[in-house]
Number of protein chains: 2
Amino acid sequence: MTPRQNRPTINQVAAAAGVTKSSVSRAFTRPEMLSPETVRKISAAAERLGYVPNHSARALSTGRHGNIALIVPDVANPFFPPLISAAQSEADRFDYCVFLGNSNEDPGQEDKLIGRFAGQVEGFVLVSSRLSDDQIVEHAARRPVVLINRDVKGIPRILIDSAAGVAEAVSHLATLGHRKLVYVGGPHGSWSNKQRRIAVRRAAKDHGLEVAVISNEFAAFESGRKITAAALATGATAAIAFDDLTAQGMLAELADMGVAVPADFAVVGCDDVLGAATYPPLTTVSNRSVEAGKAALNLLMEILQNNAIRDVRYVLDTNLVIRKTTGQVKAGKRSEAALGSDANRARN
Amino acid sequence: MTPRQNRPTINQVAAAAGVTKSSVSRAFTRPEMLSPETVRKISAAAERLGYVPNHSARALSTGRHGNIALIVPDVANPFFPPLISAAQSEADRFDYCVFLGNSNEDPGQEDKLIGRFAGQVEGFVLVSSRLSDDQIVEHAARRPVVLINRDVKGIPRILIDSAAGVAEAVSHLATLGHRKLVYVGGPHGSWSNKQRRIAVRRAAKDHGLEVAVISNEFAAFESGRKITAAALATGATAAIAFDDLTAQGMLAELADMGVAVPADFAVVGCDDVLGAATYPPLTTVSNRSVEAGKAALNLLMEILQNNAIRDVRYVLDTNLVIRKTTGQVKAGKRSEAALGSDANRARN
DNA sequence: CCTTGACATGCAACCGGTTGCATCTGATGG
DNA sequence: CCATCAGATGCAACCGGTTGCATGTCAAGG
């Protein structure tokens, strides 16, 4: 019933080469233990038969699977694919296979996926995990875990520090004459969101700017559109959005409303996932997701090799990429900042 | 040395429940063979110990891994993530884990990935595979394979028929008064590219339009920009691009060149991956990638269950989504069509 | 020439499940 | 009351590798 393909086994190779299976096994894993001639003989036989070691059998006896799992909240969010791709290329260098999990922003789903993968991976990379700190610690106790954009003490983590870029954005807007900003937030469980919100507040304070905060659970084009009216109602003359998608949605909505960007309202995105592909090209905070993916994988590999978890906290800096959605405030706009702040739904 | 976690094994559960491991095994796989009371006893013991069956051990003895592999040419191309996400959700329903492979448009890499995965998956979904037909047939002989956007006889396949949408686009452009079109191509090995090119040619013939074809190996924003001058030089008044990314690049370049869209030049994309997010919002051919991903997975699951490969060829229709990058040809433009066709680099 | 030890290879147990067959029990029917 | 049989459970082999230890060989050293 089971559609077992008749792939040759180690025994068949052994028979063909006139040795025992121990030698065949060693020819593949520790050839230096064998005489060169034996290795050659075995390789030839293996080649001839088309032998490929059985992954499950090997995993069963060694406990190492040669697999890792990468879990992201939303594959379709353009922030993640380049990261996924980079992580995968790195894994490839180490001959590891990558399971991809899509938690769909749902902690329950994320937890379930981890459970499903747990039996056949050596470690996890959790990107922008939506789990609680406790859950993460618990999982990390079982298997090596590396986090990206999540700051949990004791768990190795790669953090993209958008704070620096966001601060630059605020400073840039201040220089352009803006007096009141609105920060349009992102998902609740997101470490990046919290970090950006705090960075906006702090930098604004340094520059003596007013800040309104609007929360917006789902980061996407459509929700960016929806939130735009509320953003305008705060009386701010510029918005810093949680991410480029949100910003892009705002641009579309602003265009439909006849609000000129950047003349009447400035917009800054975050993560630079759209490049110069928006209209007008979006001023945004740079993105280090490729490096983050690469670094996370290398870190995980190192941990797996040394079998020792170091408390690493690796921070990647960002900076502002100025394009065309920010500009000098119009003369009349500054005074309006004082009005209409009742639409704020500030969170801390 | 091996960091084997001390997860409880079937033997420990057996001991705790006072039965043999056969019964524990059956309690999980064929509970109807056991008395309800025994099942209850075993479940309780398993629960208490936190027992989870070992995936590798199970795979070793049954030959089924509960894994499948999904291979795409470029994770970062926005066409694929929604498909990946959809396939994953479906896999989840069947308790399957998904390996993701990124071939980076390279047949060699794709082949290598398949080899790496082969030992631990029950089947493959190859999306827009860049392998040769022979290679695909060869792999399909070993493991069940389902193709998306690749038409190989005898291999189950899901095809997104953009031909219908493309034909609609040509007809739409003809109605608007265009007399000469240019098709801006995509990757060589791409079935979709071939299909679209043929569809453009055929529909253009039906409507008595002239067609130039420009090839453009890598489908992306930047290459879309680069190809724009050549596209204009053909003397066409409208372009149909292999995909939205290419079209978006063309829009950016046209804007920089001061060519008004759609007044001076019309652009049609393909795959509708950008939604209304370009400026102007892009007229494009609809996309069925989510359905394709879902269908491919269900097909694969069916094949795995029935252990019989049917020669399925499942076609998903598309249609034109008219937005703002196509419009009536300006009076003076029609006559220009006859000129400047020396820049054509037509391929068949 | 015998001892010693390094090196190459074989032996057999083990990893953690699954499964065909044997065994045991108790109920059913003649 | 015994033969029969179905249902529940145990036994042991097997899946395909890895690895600690034993064995065998051969060259160098005393």
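Letters A, B, ... are given to chains in the order of the sequence lines, protein chains preceding strands, and every chain is numbered from 1. Computed from a predicted structure; not experimentally measured.
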Can a side chain N or O of [X] be found less than 4.0 Å away from OP1 or OP2 on [N]?
X: A:T20; N: C:dG10; value: yes
X: A:S23; N: C:dG10; value: yes
X: B:T9; N: C:dG16; value: no
X: A:T62; N: D:dT19; value: no
X: A:S25; N: D:dT18; value: yes
X: B:R30; N: C:dT19; value: yes
X: A:T38; N: C:dA8; value: no

Return the value, rounded to whole Å, for the distance between atom [atom1] of [X] and atom [atom2] of [N].
X: B:R7; N: C:dC15; atom1: CZ; atom2: P; result: 15 Å
X: A:H65; N: D:dT18; atom1: NE2; atom2: P; result: 14 Å
X: A:R58; N: D:dG16; atom1: CZ; atom2: C1'; result: 11 Å
X: B:L34; N: C:dC24; atom1: CG; atom2: C1'; result: 15 Å
X: B:L60; N: C:dG17; atom1: CG; atom2: P; result: 12 Å
X: B:R40; N: D:dA8; atom1: CZ; atom2: P; result: 13 Å
X: A:N54; N: C:dG17; atom1: CG; atom2: P; result: 17 Å
X: B:E37; N: D:dG7; atom1: CD; atom2: C1'; result: 15 Å

query: Once you round to the nearest 0.5 Å, how far does CZ of A:F117 lie from CG of A:N67?
result: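 Here the rounded value is 10.0 Å.
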
Are any of the side-chain heavy atoms of [X] and [Y] separated by less than 4.5 Å?
X: A:L297; Y: A:V146; value: no
X: B:I114; Y: B:L131; value: yes
X: A:R143; Y: A:F124; value: yes
X: B:N102; Y: B:L100; value: no

message: Students often get this wrong, so: under 4.0 angstrom with heavy atoms, is B:Y51 touching a base, only sugar-phosphate, or nothing?
response: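 B:Y51: backbone/sugar contact only, no base atoms under 4.0 Å.
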
field: Touch class at under 4.0 angstrom, heavy-atom based, for B:V19 against every strand present
entry: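 Answer is sugar-phosphate: B:V19 comes under 4.0 Å of backbone atoms only.
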
field: A:N287 and A:S289: CA distance, side-chain angles, deciding distance, side chain to side chain donor-acceptor pair (under 3.5 Å) verdict
entry: CA-CA 6 Å; A:N287 156 335; A:S289 70; 3.0 Å; yes

field: Donor/acceptor link under 3.5 angstrom from B:S56 side chain onto base of C:dC15
entry: no

message: When you measure only distances, ignoring hydrogens and angles, does the side chain of A:R26 come within 3.5 Å of the base of C:dG10 through a donor and an acceptor?
response: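 When only heavy-atom distances are counted, A:R26 does reach the base of C:dG10 through a donor-acceptor pair under 3.5 Å.
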
field: Upstream residue (5' side of DNA chain D) when B:G18 and B:K21 are each assigned their closest nucleotide
entry: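 Nearest nucleotide further toward 5': that of B:G18.
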
message: As a test of reading the structure: which of D:dT18, C:dG17, D:dC11 is closest to the side chain of B:S22, going by heavy atoms?
response: D:dC11

statement: Of the listed C:dT9, C:dG17, D:dG17, the closest approach to the A:M33 side chain comes from C:dT9

